[in-house]
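Keep in mind that what you see is a predicted model, and the values were worked out from it rather than measured. In listed order, ligands and their atoms are each counted from 1.
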Amino acid sequence: MGKLRKRKTAIIFGITGQDGSYLAELLLKKNYIIHGVKRRSSSANTERIDHLFDSLNFTSKNFFIHYGDISDGTSTLSIINKVKPDEIYNLAAQSHVRVSFDVPEYTADITALGALRILEAIRILKLKKTKYYQASSSEMYGLVKKRNSLNELTPFHPRSVYGVSKVFAFHAAVHYREAYGIFASNGILFNHESPRRGPTFVTKKIVQGLVRIKKGYQKKLTLGNLYAIRDWGHAKDYAISMWKILQYKKPDDWVIATNKETTVKTFVNKVAKKLDIKLKWTGKGEREKGIDQESKNVIVEIDKKYFRPSEVDFLKGDFSKAKKLLKWKPIYNTDDLIEDMISSELENS
Ligand code: NAP
Ligand code: F7E
């Protein structure tokens with residue numbers, strides 16, 4: 001008889017978020033015991049994981065929830081000490097770029113120092129075997145010199161306190177790896193979306209807005225910069241990459257992307273087309289409008305409040321290192337992603 005293998009345990013900070021929920025599903029399928037860390041909030045914040053555990057009684061034997069907050073070093077250390085996990089996924093962040101212009105100090109506290117607090121806990125507790133995953137971001141590239149695909153060697157030039165904070169957390173992971181030998185890896189993930197995406201991120205806002213317009217529940221969709229270019233993948237694919245990154249033989253930094261570029265405007269056009277809305281664009285800049293050719297109504301408008309003081313104009317990622325060494329590649333393309341988001345929205349709105 002072969003030796004019984006011990007079940008792995010993982011802590012997920014950011015369990016209630018888009019990525020936390022997909023990662024939890026994946027790890028449960030892989031027979032992990034999961035400890036999720038959730039913030040106390042006055043209204044429910046477990047909508048994305050309610051199908052995975054009993055959010056009132058917390059009775060599951062595979063999935064435990066701890067109240068905690070990465071702004072609080074004591075609770076962070078205490079949870080890590082209690083669980084002493086095989087793997088820690090730090091997905092917790094103030095993750096909205098536009099919001100980081102309004103709450104820069106808070107964003108730095110959570111998104112930058114939060115990561116440091118977890119790494120410090122691993123160091124202080126001498127958890128030599130615990131592996132750490134840092135949710136790094138393509139926002140770290142920020143202002144890019146050439147519109148080529150970006151890779152692990154491309155320099156960072158962040159354009160928001162969110163991006164600056166992610167650069168700090170990235171280097172903190174590298175530093176703890178080099179100074180203390182901690183298995184700390186960065187996944188530099190490009191934008192990834194899903195039906196579970198927060199409603200103020202542009203893809204979800206577009207899908208939700210156009211579906212509601214189609215159903216007659218909403219009159220207009222108001223957006224900012226239509227010409228930003230993003231590399232949009234599906235969060236389900238990206239959750240797989242996180243796990244693979246921690247299974248690799250050594251800690252390292254990895255770009256995860258689809259290597260395809262789409263403007264915000266093209267995304268709008270694709271969603272409109274799939275919903276059979278005939279959209280015609282007129283005007284320029286803040287006066288640009290999308291008109292429904294059937295009703296002649298203006299259904300897409302621009303409002304400068306959605307523009308950022310500094311924008312990241314172009315993001316496209318070269319994931320060849322992950323493809324070669326992790327055997328990871330995306331399954332969903334942009335059209336599949338849009339299909340998935342629309343069908344879920346049509347069902348639920
Ligand atoms: P998300 O949906 O905004 O989830 C963020 C998670 O962090 C939520 O569970 C949130 O809890 C939690 N959180 C926020 N502040 C916290 C605090 N002080 N203490 C503990 N938890 C806290 O983000 P996501 O899209 O899943 O992204 C996951 C991670 O990847 C984030 O770090 C994000 O910055 C990074 N990232 C995302 C993308 C992307 O395109 N999605 C790309 C690159 C990197 P509540 O539910 O209570 O708010
Ligand atoms: O914006 C433009 C906006 O907020 C995408 C986060 O997950 O990915 C995400 O950050 C683009 C930007 O995502 C609206 O100006 C136009 O150019 O959906 P977003 P993001 O800023 O790229 C990175 C990789 C992360 O790490 C972050 O955590 O769309 N845009 N009009 C708009 N954006 C929003 N939100 N709302 C608009 O109305």
N/O donor-acceptor pairs under 3.5 Å from side chains in residues 8-17, not counting sequence neighbours:
from: Lys8; atom 1: NZ; to: Gln247; atom 2: OE1; distance (Å): 2.9
from: Thr9; atom 1: OG1; to: Asp86; atom 2: N; distance (Å): 3.3
from: Thr9; atom 1: OG1; to: Asp86; atom 2: OD2; distance (Å): 3.4

(message) Could you identify the single nearest non-hydrogen protein atom to atom 14 (C) of ligand 1 and state the distance to 0.1 Å?
(response) Ala93 O, 3.2 Å
(message) Students should be able to answer this: which protein heavy-atom is nearest to atom 3 (O) of ligand 1, and at what distance?
(response) Ser95 OG, 2.6 Å
(request) Return the residue, atom name and 0.1 Å-rounded distance of the protein heavy atom closest to atom 29 (C) of ligand 1. (result) Leu91 O, 3.2 Å
(request) Please work out whether the ring planes of Trp254 and Tyr248 are parallel, tilted or perpendicular, with thresholds of 30° and 60°. (result) perpendicular
(request) Work out whether the distance between some heavy atom of Phe307 and some atom of ligand 2 is less than 4.0 Å. (result) no
(request) Go through the side-chain N and O atoms of His66 and His35 and say whether any donor and acceptor fall under 3.5 Å apart. (result) yes
(message) Give me the nearest non-hydrogen protein atom to atom 12 (C) of ligand 1 as residue plus atom name, then the distance to 0.1 Å.
(response) Gly14 CA, 3.9 Å
(request) Just jot down the ligand 2 atoms closer than 4.0 angstrom to any heavy atom of Ser138, in number order. (result) 24 (C)
(request) Report the residues that fulfil side-chain contact (heavy atoms from CB on, under 4.5 Å) with Asn191, sequence neighbours left out, ordered by chain and then residue number. (result) Ser138, Glu193, Arg230, Trp232, Leu315
(request) Classify the contact between Tyr162 and ligand 1 as side chain, backbone, both or neither, using a heavy-atom distance cut-off of under 4.0 Å. (result) side chain
(request) Note the single closest protein heavy atom to atom 43 (C) of ligand 1, along with its residue, its atom name and the distance in Å. (result) Leu189 O, 3.1 Å
(request) For atom 4 (O) of ligand 2, grab the closest protein heavy atom and report residue, atom and distance to one decimal in Å. (result) Arg308 NH2, 2.9 Å
(message) Looking at ligand 1, is there an atom of it that comes within less than 4.0 Å of some heavy atom belonging to Arg196?
(response) no
(request) Consider ligand 2: state whether an atom of it lies below 4.0 angstrom from any non-hydrogen atom of Arg197. (result) yes
(request) Identify, for atom 16 (C) of ligand 2, the protein heavy atom at the shortest distance, and state residue, atom and that distance. (result) Asn225 O, 3.2 Å
(message) Judged on heavy-atom distance to atom 18 (N) of ligand 1, which of Thr16, Thr46, Asp69 sits nearest?
(response) Asp69
(request) Have a look at Lys38, Arg39, Arg40 and point out the one with the heavy atom closest to atom 16 (C) of ligand 1. (result) Arg39
(message) With a cutoff of 4.0 Å, is Lys205 in contact with ligand 2, counting heavy atoms of the residue only?
(response) yes
(request) Determine whether any heavy atom of Arg197 lies closer than 4.0 Å to an atom of ligand 1. (result) yes
(message) Please compare Asp72, Thr203, Asp19 and report which has the shortest non-hydrogen distance to atom 24 (P) of ligand 1.
(response) Asp19
(message) Under 3.5 Å, is there a donor on one side chain and an acceptor on the other for Glu87 and Tyr89?
(response) yes
(request) Check whether any heavy atom of Ser136 sits under 4.0 Å from an atom of ligand 1. (result) yes
(request) Quick one: look up the protein heavy atom nearest atom 12 (C) of ligand 2 and list residue, atom name and how far away it is. (result) Arg230 NH2, 3.5 Å
